[in-house]
There are 2 protein chains.
Amino acid sequence: MLRVDSIDQRIISCLVTNARSSFADIGKDVGLSAPAVKRRVDKLLDTGVLRGFTAVVDPAQLGWGTEALVEVHCRGNVTPHDIKARLEPMPEVMAAYTVSGAADAVVHLRAASIHHLETALERLRAVEIIDRTVSTVVLSRLLDRPQAP
Amino acid sequence: MLRVDSIDQRIISCLVTNARSSFADIGKDVGLSAPAVKRRVDKLLDTGVLRGFTAVVDPAQLGWGTEALVEVHCRGNVTPHDIKARLEPMPEVMAAYTVSGAADAVVHLRAASIHHLETALERLRAVEIIDRTVSTVVLSRLLDRPQAP
DNA sequence: CTTGAAAGTTTGTCACG
DNA sequence: CGTGACAAACTTTCAAG
């Protein structure tokens with residue numbers, strides 16, 4: 001396994017807060033020079049601890065304001081890989097998890113409208129391996145943290 | 001309301017893919033000069049369409065590999081604002097939504113271990129306004145898209 | 001109102017100690 | 001890991017469409 005020391009964690013913290021901050025600025029925060037910060041960031045990207053950098057957009061303002069959490073129950077024995085393969089082509093699928101309990105998976109859907117959500121659910125239910133779904137529509141988003149400290 | 005044209009959408013798409021790409025590179029993709037791209041990005045940040053830029057980290061490699069989706073049932077009538085205020089101080093709460101159906105909210109928890117998850121759940125259940133919780137532990141993460149196109 | 005070009009400044013990046 | 005040097009990018013200003 002690889003080592004991520006406290007300086008790396010502080011660098012990650014800086015980049016999570018603002019992915020476009022300069023290496024020099026990060027260096028000021030963590031007490032390192034800009035090249036040293038860059039070397040660490042490059043290594044974190046290489047090792048996969050950092051997967052990349054992304055922009056945070058307001059989904060509502062782009063017209064993707066409707067969300068749902070959907071329990072998926074499959075028929076027979078299906079592998080997580082099967083489920084993943086079926087969900088991959090659907091752009092409305094934001095995230096999917098295999099879970100404990102009765103359901104085989106939980107799918108996080110995001111759509112442009114209730115109508116769009118409905119069609120996405122129909123497409124989801126049309127997948128052969130899926131037996132039935134239990135949908136929970138998100139009414140409001142109370143909290144949405146970028147990620148852990 | 002504000003207008004986000006197709007060029008803005010392509011700029012956003014570029015920044016979602018890589019938040020650290022240069023304005024010049026984005027400009028090559030969308031057919032604009034670097035200053036023009038910067039002006040648009042600044043406006044998108046101002047208007048709130050773009051909320052900011054963040055690093056995507058692999059939670060497992062930082063030792064936050066245990067997740068759960070928790071249905072929260074409250075006692076009596078509580079406002080979404082109340083729930084939010086109680087969840088805000090908990091670092092394990094990644095996201096929280098008010099939802100349709102029997103539950104008052106769904107909370108996305110992330111912890112360093114099953115034990116950590118257990119203590120986080122205990123703290124969650126200790127909140128006065130919360131009556132009971134129904135936990136679903138995430139076994140594996142099938143899909144995790146940064147966001148919508 | 002938005003764009004592109006040019007200016008000066010800042011930042012990224014590499015070699016070396 | 002830090003320093004210094006060079007290249008690349010950012011940011012402002014200004015004139016044109």
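Hydrogens, waters and symmetry mates play no part in the numbers below; they use all other heavy atoms, side chains included. The structure displayed is predicted, hence computed values, not measured ones. Proteins get letters first, then strands, A, B, ... in listed order; numbering begins at 1 in each.
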Provide the full list of salt bridge (Lys or Arg N to Asp or Glu O under 4.0 Å) pairs with a residue in [range], sequence neighbours left out, each pair given once.
range                       : result
residues 68-77 of chain B   : B/R75-B/D131
residues 27-38 of chain B   : B/D25-B/K28, B/K38-B/D42
residues 114-124 of chain A : A/E92-A/R123

For A/S135 versus A/R125, what's the shortest heavy-atom pair and its separation?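 Between these two residues, the closest heavy atoms are OG-NH1, 4.4 Å.
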
Ignoring hydrogens, what is the shortest heavy-atom contact between A/P80 and A/T98? Give both atom names and the distance.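 Nearest heavy atoms, A/P80 then A/T98: CB-CG2, 3.9 Å.
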
ring-ring contact (aromatic ring centres under 6.0 Å, His included) pairs, two or more places apart, involving residues 21-59 of chain B: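 For residues 21-59 of chain B, and leaving out neighbouring residues, there are no ring-ring contact (aromatic ring centres under 6.0 Å, His included) pairs at all.
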
According to the ring-ring contact (aromatic ring centres under 6.0 Å, His included) rule, which pairs have a member within residues 65-99 of chain B, sequence neighbours left out?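 Only A/H108-B/Y97 qualify under ring-ring contact (aromatic ring centres under 6.0 Å, His included).
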
Tell me, which of residues 19-28 of chain B have any heavy atom that sits under 4.0 Å from an atom in DNA chain C?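 Heavy-atom cutoff 4.0 Å gives B/R20.
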
Which parts of residues 35-48 of chain B get close to DNA chain C, meaning a heavy atom less than 4.0 angstrom away?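 Listed by number, they are B/P35, B/A36, B/R39, B/R40, B/K43.
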
Between the side chains of B/T66 and B/S113, is a donor N or O closer than 3.5 angstrom to an acceptor N or O?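 There is no such pair (donor and acceptor under 3.5 Å, judged by atom type) between the side chains of B/T66 and B/S113.
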
Reading DNA chain C 5' to 3', which nucleotide is the first, and which the last, to come under 4.0 Å of any heavy atom in chain A?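 With heavy atoms of chain A under 4.0 Å away, the range is C/dT11 to C/dC14.
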
Rounded to whole angstrom, note down the C1' distance from C/dG8 over to D/dA16.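 Here C/dG8 and D/dA16 have their C1' atoms 22 Å from each other.
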
Distance check, rounded to the nearest 0.5 Å: A/N18 atom CG versus A/S13 atom OG?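 Output value for this atom pair is 11.5 Å.
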
Through direct or indirect side-chain contacts below 4.5 angstrom among Ile, Leu, Val, Met, Phe, Trp and Tyr, which residues connect to A/I83?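 Members alongside A/I83: A/V70, A/V72, A/V78, A/L87, A/M90, A/V93, A/V107, A/L109, A/L117, A/L121, A/L124, A/V127, A/I129, A/I130, A/V137, B/L142, B/L143.
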
Test of understanding: with side chain to side chain donor-acceptor pair (under 3.5 Å), list the residues that count as partners of A/T17, not counting sequence neighbours.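 Not a single residue meets the side chain to side chain donor-acceptor pair (under 3.5 Å) criterion with A/T17.
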
All side chain to side chain donor-acceptor pair (under 3.5 Å) counterparts of B/R51, not counting sequence neighbours: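 Scan of B/R51 (side chain to side chain donor-acceptor pair (under 3.5 Å), adjacent residues dropped) gives A/D58.
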
Stems in DNA chain D: runs of 3 or more consecutive Watson-Crick or G-U pairs, distances under 3.5 Å?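 C:1-6 with D:12-17, C:8-17 with D:1-10 - these are the stems of 3 or more pairs that involve DNA chain D.
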
